[in-house]
Amino acid sequence: MTRIIPRLTATAAALALFTMPGACGGSDKTASTATPSGAQGPAAVPSVTALLPDAIKSKGTLIVAADATYAPNEFIGKDGKTVEGMDADLAKAIAGAADLKAEVKNATFDSIIPGLASHKYDLGMSSFTDTKEREQTVDFVTYFSAGTSFYVKAQGGPTVNTLADLCGKTVAVEKGTTQQTDAEAQSKKCGASKVSVLTFPDQNGANLALSSGRAQVGMADSPVAAYLVKQSNGQFKLVGQPYGTAPYGIAMPKGDGMAPAIKAAVTHLIENGEYGKILAKWGIADGAIKAPVINGATG
């Protein structure tokens, strides 16, 4: 997912190649934009609409939050404002099945769950790993499977095969992600050779830290890291093997009653083939699941 960051400095402009559109988020970013979903995908499905809470039906529109720095899952399109990617496409398709529209808003990753809790957003679709800890605050419907990958500079980058190899190195991650949690947990196991964990509000900042030499290692979800390396014109490379494969979840306010309808919508999209088409469009069909579940955290 590739996006040019606004107000780039001269140095950063040369690194704009590595910025990525889309990622998991929190509160609205200053330059965030709300974008109507446009074509809403499939026609309404009665078995889905029957499960919607009345409060959602009456709204007519699902407000969906995504941190648009995490291509190909979510990123800012060429027009500089529209959120595109796998999650945006699925949001439109889910809304269509529920006889609703989707409005996808760009938000920082660590502000999305608080925004759901305060009912600022109806859904969070931003590559969230469904975890037991997050399930204490929000409900999830699983819809994808991904792990974490390491990436470094293609020339002179360190060898990293496992989390243990991060000891003594500087790692760039996005704030609020499972990658931040993993890197900080590993640092406590490293003895004197701690991991220096640099956290950034979005994935673009983490990528630029690696490009500029501030960090030695980057970490991101496996489909995102693979896309970034592919778009880097040979300047980044993947190292080691992905670890920690776990389900992504569509997040929603805890106990608001929307999970059964969202699960039914995802099930419908899997069965009618639209789900597979969306993943294939973004080159991430390997992460497809066969059936969604509510609160399916594996760890």
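This one's a predicted model, so the numbers in the text were calculated from it and none came from an experiment.
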Would Glu133 and Thr181 count as a side-chain contact (heavy atoms from CB on, under 4.5 Å) if you check the C-alpha gap in whole Å, the side-chain angles of each, and the deciding distance to 0.1 Å? CA-CA 12 Å; Glu133 180 180 1; Thr181 300; 5.8 Å; no
same_hphob_cluster(Phe140, Leu51) at 4.5 Å side-chain heavy-atom cutoff: no
How many angstroms lie between atom OG1 of Thr142 and atom CD1 of Ile262, to the nearest 0.5 angstrom? 12.5 Å
ILVMFWY cluster, Val195 and Val239 together (side-chain gap under 4.5 Å): yes
How far does CG of Asp87 sit from CD1 of Ile250, to the nearest 0.5 angstrom? 7.5 Å
With the side chain counted from C-beta on, respond yes when Met219 and Leu163 share a heavy-atom pair under 4.5 Å apart, and no when they do not. yes
Output yes when a side-chain donor or acceptor of Ser222 lies under 3.5 Å from a complementary backbone atom of Gly147, and no otherwise. yes
Side-chain donor or acceptor of Glu135 paired with backbone N/O of Ala297 under 3.5 Å: yes
Would you find a donor on one side and an acceptor on the other, under 3.5 Å apart, between the side chain of Asp202 and the backbone of Gly205? yes
If you round to the nearest 0.5 Å, how far is CG of Asp165 from CD of Gln186? 8.5 Å
Any Leu62 side-chain heavy atom under 4.5 Å of Met258 side chain: yes
How long is the straight-line distance from OG of Ser232 back to NZ of Lys237, given to the nearest 0.5 Å? 11.5 Å
So how far is it from Ser126 OG to Asn106 CG, rounded to the nearest 0.5 Å? 8.5 Å
Between the main-chain N or O of Tyr227 and the side-chain N or O of Gln231, is there a donor-acceptor pair closer than 3.5 Å? no
Sequence neighbours excluded, which residues qualify as salt bridge (Lys or Arg N to Asp or Glu O under 4.0 Å) partners of Lys254? Asp139
Using a 4.5 Å cut-off on heavy atoms from C-beta on, say whether the side chain of Glu184 contacts that of Val173. no
So, for Pro53 and Asp256, which heavy atoms are closest and what is the spacing to 0.1 Å? CG-O, 3.6 Å
Does a donor on one side chain sit under 3.5 Å from an acceptor on the other, for Asp221 and Gln179? yes
Does Pro158 have any side chain to side chain contact (heavy atoms under 4.5 Å, CB included) partners at least two apart in sequence or in another chain, and if so, which? Val152, Val160, Lys169, Gln216, Val217
Less than 4.5 Å apart, any side-chain heavy atom of Phe144 and any of Ser127? no
Which pairs pass salt bridge (Lys or Arg N to Asp or Glu O under 4.0 Å) with one or both residues in residues 275-289, sequence neighbours excluded? Asp89-Lys281
Non-hydrogen atoms of Ile289 and Ser145 that approach each other most closely: CG2-N, 4.1 Å
Does Val266 belong to the same Ile/Leu/Val/Met/Phe/Trp/Tyr cluster as Met252, with side-chain heavy atoms less than 4.5 Å apart forming each link? yes
Can Met86 be reached from Ile76 by stepping across I, L, V, M, F, W or Y side chains whose heavy atoms are under 4.5 Å apart? yes
Do Tyr151 and Val224 come close enough that some side-chain heavy atom pair is under 4.5 Å? no
Does the side chain of Phe128 reach to within under 4.5 Å of the side chain of Ile113, using non-hydrogen atoms? yes
Residues Leu100, Leu52; criterion side-chain contact (heavy atoms from CB on, under 4.5 Å); working and verdict: CA-CA 10 Å; Leu100 299 169; Leu52 282 173; 3.9 Å; yes
Sorted by chain and number, sequence neighbours left out, ring pair (Phe, Tyr, Trp, His ring centres under 6.0 Å) with Tyr275 holds for none
Please report the closest heavy-atom contact between Ala97 and His268, naming both atoms and the distance. CB-CD2, 4.5 Å
Please confirm whether the backbone N or O of Pro247 pairs with a side-chain atom of Asp130, one donor and one acceptor, at under 3.5 Å? no
Flag side-chain contact, heavy atom, 4.5 Å: Tyr248 against Asn73: yes
Heavy atoms only: give me the nearest Ala65-Ala107 pair and the separation to one decimal. CB-CB, 4.4 Å
Of all heavy-atom pairs linking Ser58 and Ala55, the shortest is OG-O, 2.9 Å
Using the salt bridge (Lys or Arg N to Asp or Glu O under 4.0 Å) rule, collect all pairs that involve residues 46-63, keeping only residues at least two apart or in two chains. Lys59-Asp122
Listed by chain and number, what are the ring pair (Phe, Tyr, Trp, His ring centres under 6.0 Å) partners of Phe150, not counting sequence neighbours? Tyr243
Between Leu279 and Val104, is there shared hydrophobic-cluster membership here, with clusters defined by ILVMFWY side-chain heavy atoms closer than 4.5 Å? yes
Distance (rounded to the nearest 0.5 Å) between Leu208 CG and Gln203 CD: 10.0 Å
Provide the closest heavy-atom pair for Leu116 versus Ala251 in the form atom of the first, atom of the second, distance. CD1-CB, 3.5 Å
Indicate yes or no: at least one non-hydrogen side-chain atom of Tyr143 is less than 4.5 angstrom from one of Val141. no
